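The next block holds one structure in the form of structure tokens; read it before the comments.
In what follows, chains are A, B, ... by sequence order, proteins preceding strands, each numbered from 1. Computed over heavy atoms, backbone and side chain alike; hydrogens, waters and symmetry mates excluded. Since the structure is predicted, the reported quantities are computational estimates derived from the model, not experimental observations.
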Amino acid sequence: MNFPPVDEQLAIIRRGVEKIVPEEELAVKLTKSRETGIPLRIKYGIDPTGIDVHLGHTVPLRKMRQFQELGHQAVIIIGNYTALVGDPSGRDQARVKKLTEADVEANARDYLNQVGKVIDISQAEVHRNGDWFAKMSFAEILQLCGKITVAQLLTRDDFAKRYASQTPIFLHECLYPMMQAWDSVMIKSDIELGGTEQLYSFMLARDLQRDQHLPQQVGVMSPILVGTDGEQKMGKSLGNYIGISETPFDMMKKFMQIPDATMGMYFNLLTSIPLEEVTAILQGHPKEAKVRLAKSVIAGYHSEQHALEAADRWQREVGGGELPTDIPTVTLNLTTLAAQLPQCQGDLVHSRLAAAQLLKVAGLTPSTSDAIRLIQQGGLSIYDGDQPTLISDPKAVIELKTGLLVKAGKKKIARLVIDH
RNA sequence: GGCGGGAUACCCGAGUGGCCAAAGGGGCCAGACUGUAAAUCUGGUGGCUCUGCCUUCGCAGGUUCGAAUCCUGCUCCCGCCA
């Protein structure tokens with residue numbers, strides 16, 4: 001195996017990495033592997049709890065990919081056993097929902113499919129940590145527990161906070177870092193990838209490895225990727241994530257919404273554009289920079305072509321204010337409507353309907369009250385052909401006909417189909 | 001187990017008999033501005049057949065002309081003590 005020079009490897013590995021612990025051991029490991037021709041074993045573990053892989057997850061995965069490209073061995077741990085516990089990292093309370101083993105297995109398969117979009121899964125080792133945890137005896141578990149003190153556990157920020165605020169810390173959660181660390185022992189990892197919040201477990205892994213007379217792993221920790229709000233950690237529950245399985249156009253829209261200040265981090269962590277070039281890009285027009293960023297990432301999960309199309313479409317529909325190409329149709333059956341809205345029967349027999357009622361029945365607003373507010377604030381436009389007409393009176397009577405476009409606010413739009 | 005505090009709209013949180021569909025903030029929505037975002041400004045933010053009506057302040061009852069506010073019971077949270 002021929003590895004690139006250590007300096008070159010280090011430059012690639014260091015990009016977008018917040019912490020390498022212990023820093024000096026990384027070069028030593030790389031040097032040794034280059035001399036012996038033995039690839040380093042790069043560990044990355046995930047718990048198959050959710051299903052949507054988003055860009056936040058791709059940060060360490062991209063790092064994994066880079067290690068692969070440098071000739072090292074990717075080792076993916078599917079935490080099917082740790083998933084039964086739930087990672088307490090950064091949590092201020094224990095997870096509530098418990099996953100069944102069947103859920104976990106289904107999630108794991110789905111997860112591997114998605115991960116394949118970032119790393120070369122055919123060249124990766126995949127392990128499930130249930131393979132070893134399921135076989136451990138209680139005595140063995142006890143022995144492992146003997147390696148960790150409560151005081152050590154409490155050095156973790158999340159546990160310390162919970163302890164201080166008297167929020168429950170369950171015993172099985174205490175075992176989580178131990179399990180994660182034991183995975184490192186079992187697969188003899190040289191490097192472990194993850195976020196900075198994993199520091200405790202990464203260091204515990206070193207202790208356990210030393211205990212077993214194994215070489216100790218080095219933690220390579222990525223910063224936390226912020227979400228599209230530019231503030232908080234990207235995550236599903238916060239609704240600020242960009243999923244890698246989303247359509248190019250959906251990704252495009254989300255990318256264009258990130259705050260300018262967040263672009264630097266995204267370029268650094270999500271693209272391979274050389275950093276000098278990134279600096280130049282960021283000095284140009286922010287909008288152009290954002291388009292460039294979006295295209296670069298989208299191309300990685302779809303194709304150059306799709307990325308281009310998405311960017312063009314965004315420019316036309318969002319930037320240029322043109323009507324979107326995929327307007328959903330809403331079918332209104334006048335007979336049914338008349339039965340639902342007896343007070344509007346008079347209008348309906350003439351295929352007419354008050355604007356506020358229309359928004360409600362077309363599903364563009366959740367209630368007529370909401371529709372009235374929206375209309376009064378100038379949010380309703382009706383397109384008959386290409387001509388928009390602003391409707392500002394909720395009671396304005398609209399002539400219903402098929403093909404009419406109803407646009408409520410910036411985002412909600414529907415094409416009517418009238419049925420008698 | 002004892003004592004005390006609390007539960008208000010999407011979230012936080014004021015309100016302690018009528019002027020309360022309920023202050024304020026966050027979020028969100030609409031409009032202006034813009035580069036798309038941010039920032040800023042304006043308005044809005046229970047429902048309806050809408051100058052009015054109906055439903056909502058943990059749940060169920062009660063007092064009262066009138067209750068988010070007072071009383072009784074219940075459920076759940078939280079603090080202190082043991």
Determine which pairs satisfy side-chain hydrogen bond (donor to acceptor under 3.5 Å, both in side chains) with at least one residue from residues 402-420 of chain A, sequence neighbours left out, and list them in order. A:Asn333-A:Asp419
Give the residues of residues 348-370 of chain A touching RNA chain B, defined as any heavy atom closer than 4.0 Å, sorted by residue number. A:Gln357, A:Lys360, A:Ser367, A:Thr368, A:Ser369
Need to verify one output field. Residue with the more 5' nearest nucleotide on RNA chain B, A:Val318 or A:Leu341? A:Val318
Could you pick out which residue, A:Gln343 or A:Met263, lies toward the 5' side of RNA chain B when each is mapped onto its nearest nucleotide? A:Met263
Under 3.5 Å between N/O atoms: give me all the protein pairs with nucleotides 31-33 of chain B, atom names plus distance.
residue	atom	partner	partner atom	Å
B:G31	O4'	A:Gln377	O	3.4

Would you mind writing out the side-chain donor-acceptor pairs for residues 274-281 of chain A within the sub-3.5 Å range, not counting sequence neighbours?
residue	atom	partner	partner atom	Å
A:Glu277	OE2	A:Arg292	NH2	3.0
A:Thr279	OG1	A:Leu275	O	2.9

Round to the nearest Å and state the distance from [X] atom [atom1] to [N] atom [atom2].
X        : N     : atom1 : atom2 : result
A:Glu288 : B:A37 : CD    : C1'   : 14 Å
A:Lys412 : B:A30 : NZ    : C1'   : 9 Å
A:Ile391 : B:A30 : CD1   : P     : 18 Å
A:Trp314 : B:A37 : CH2   : C1'   : 9 Å

If you only use heavy atoms from C-beta on, which nucleotide in B:A30, B:G47, B:G35 is closest to the side chain of A:Arg373? B:G47
When you measure from the side chain of A:Ile372, which nucleotide among B:C50, B:A30, B:G35 comes out closest? B:C50
Residues forming a side-chain hydrogen bond (donor to acceptor under 3.5 Å, both in side chains) with [X], sequence neighbours excluded:
X        : answer
A:Glu25  : A:Arg206
A:Asp207 : none
A:Ser369 : none

Of all residues at least two apart in sequence or in a different chain, which pass the side chain to side chain contact (heavy atoms under 4.5 Å, CB included) check with A:Lys401? A:Asp384, A:Leu404
Mind listing the closest non-hydrogen atom pair of A:Gln180 and A:Gln198 along with its distance? NE2-OE1, 2.9 Å
Side-chain donor-acceptor pairs under 3.5 Å in residues 6-13 of chain A, sequence neighbours left out?
residue	atom	partner	partner atom	Å
A:Gln9	OE1	A:His72	NE2	2.8
A:Gln9	NE2	A:Pro4	O	2.8

5' to 3', nucleotides 22-27 of chain B under a 4.0 Å protein heavy-atom cut-off (B base, S sugar-phosphate only, - none) gives ------
Is it the case that atom CD in A:Glu304 sees more than 12 heavy atoms from other parts of the structure closer than 6.0 Å? no
Could I get the full list of ring pair (Phe, Tyr, Trp, His ring centres under 6.0 Å) partners for A:His302, not counting sequence neighbours? none
Can you tell me the base-pairing partner of B:U51? Count Watson-Crick or G-U wobble geometry only, both distances below 3.5 Å, and say none if there is no partner. none
Report all side-chain donor-acceptor pairs from residues 343-368 of chain A shorter than 3.5 Å, counting only partners two or more places apart or in another chain.
residue	atom	partner	partner atom	Å
A:Gln345	NE2	A:Ala338	O	3.4
A:Thr365	OG1	A:Ser367	O	3.2
A:Ser367	OG	A:Asp370	N	3.0

With rounding to whole Å, what would you report as the distance between B:A23 and B:A37 at their C1' atoms? 32 Å
Pick the P atom in B:G58 and in B:U64, then give their distance to the nearest Å. 23 Å
